[in-house]
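Working notes, beginning with the structure itself.
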Amino acid sequence: MITRLYQKYETELLRWCQGITGSRQTAEELVQETWLRAIEHTGQLESLGEKQCRSWLYRTARNLYIDRIRRTVRETVMFPLPESGGGRQAFEETEWRCLLESLPVEEGRVFAMRYLMGYNSRQIGELLSLPPGTVRFRLSSARKHLRKMIGGKGYGEEETNTEL
């Protein structure tokens, strides 16, 4: 069963993973992890039809990739960056990290994926199963929250001209 699925979907799955990750090496690792999971769940896969097995493989690869991104974000936030410019830079990095952690979870996740990992709205939407418009809304909302937290114009605040 697994051998037949592997022969039929390995190349297709690898191409798809490479498309979402942008890296051949990461894609190969994801596909390998996906096949290991398939072997662990052989009984479940045997009870599914061909299209359902294909969907299972893609869903598993996507979930593994999302888990990998979450781990990366968590590690980025949890472990301090090496100091390279003295105490002021370390303070600023810590301050930004605290600001990002104070965002609502959904906003923080898309903000980190966009601005720390470099994904665009479409890619983030595919990874999180969200429409790109929702991703853009959450990014906008996160930027507004951050502006408000650092003392700039925030939610519902209009720019006012105090000059007469």
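As a basis for the values below, the full set of heavy atoms in this structure was taken, side chains included, without hydrogen atoms, waters or symmetry mates. Just so it is clear, the model here is predicted, and its values are computed rather than measured.
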Contacts of R24 that satisfy salt bridge (Lys or Arg N to Asp or Glu O under 4.0 Å) - sequence neighbours left out:
E28

Using the test side-chain contact (heavy atoms from CB on, under 4.5 Å), find all partners of P104 that sit at least two apart in sequence or belong to another chain.
E106, E107, H145

Do side-chain atoms of S55 reach the backbone of K51 as a donor and acceptor pair under 3.5 angstrom?
yes

Which distance, rounded to the nearest 0.5 Å, do you find between the OG1 of T26 and the CD1 of I20?
10.0 Å

Side chains of R62 and S129 only: does a donor on one sit below 3.5 Å from an acceptor on the other?
yes

For a side-chain contact (heavy atoms from CB on, under 4.5 Å) check, start with the C-alpha distance between L128 and M113, then their side-chain angles and the critical distance, and finish with the verdict.
CA-CA 10 Å; L128 301 178; M113 291 174 76; 3.9 Å; yes

Listed by chain and number, what are the side-chain contact (heavy atoms from CB on, under 4.5 Å) partners of Q25, not counting sequence neighbours?
S23, E29

L36-L57 co-clustered via ILVMFWY side chain contacts under 4.5 Å
no

Within the distance-only criterion (no hydrogens, no angle test), does the side chain of S140 pair as donor or acceptor with the backbone N or O of R136 below 3.5 angstrom?
no

Partner residues of Q32 under the side-chain contact (heavy atoms from CB on, under 4.5 Å) criterion, sequence neighbours left out
none

Show the nearest heavy-atom pair for residues L30 and C17, with the distance to one decimal.
CB-SG, 4.2 Å

Could you measure the distance from the CG atom of L127 to the CZ atom of R109? Nearest 0.5 Å is fine.
11.0 Å

Please answer whether the main-chain N or O of N120 pairs with a side-chain N or O of Q123 as donor and acceptor at a distance below 3.5 Å.
yes

Distance-only check: which donor-acceptor pairs under 3.5 Å involve side-chain atoms of residues 41-49, not counting sequence neighbours?
{"residue": "H41", "atom": "ND1", "partner": "R37", "partner atom": "O", "Å": "2.8"}
{"residue": "T42", "atom": "OG1", "partner": "A38", "partner atom": "O", "Å": "3.4"}
{"residue": "T42", "atom": "OG1", "partner": "I39", "partner atom": "O", "Å": "2.7"}
{"residue": "S47", "atom": "OG", "partner": "Q44", "partner atom": "O", "Å": "2.7"}

Going by atom type alone, with no hydrogens or angles, which donor-acceptor pairs under 3.5 Å involve a side-chain atom of residues 9-16 and a protein atom two or more places apart or on another chain?
{"residue": "Y9", "atom": "OH", "partner": "E50", "partner atom": "OE2", "Å": "2.9"}
{"residue": "E12", "atom": "OE2", "partner": "R54", "partner atom": "NE", "Å": "2.8"}
{"residue": "E12", "atom": "OE2", "partner": "R54", "partner atom": "NH2", "Å": "2.5"}
{"residue": "E12", "atom": "OE2", "partner": "Y58", "partner atom": "OH", "Å": "2.6"}

Separation between CZ of R143 and CZ of F111, rounded to the nearest 0.5 Å
7.5 Å

Closest approach of W56 to T34 (non-hydrogen atoms, all atoms of both residues)
CZ3-O, 4.4 Å

Is it true that a side-chain atom of S141 and a backbone atom of F137 form a donor plus acceptor pair closer than 3.5 Å?
no

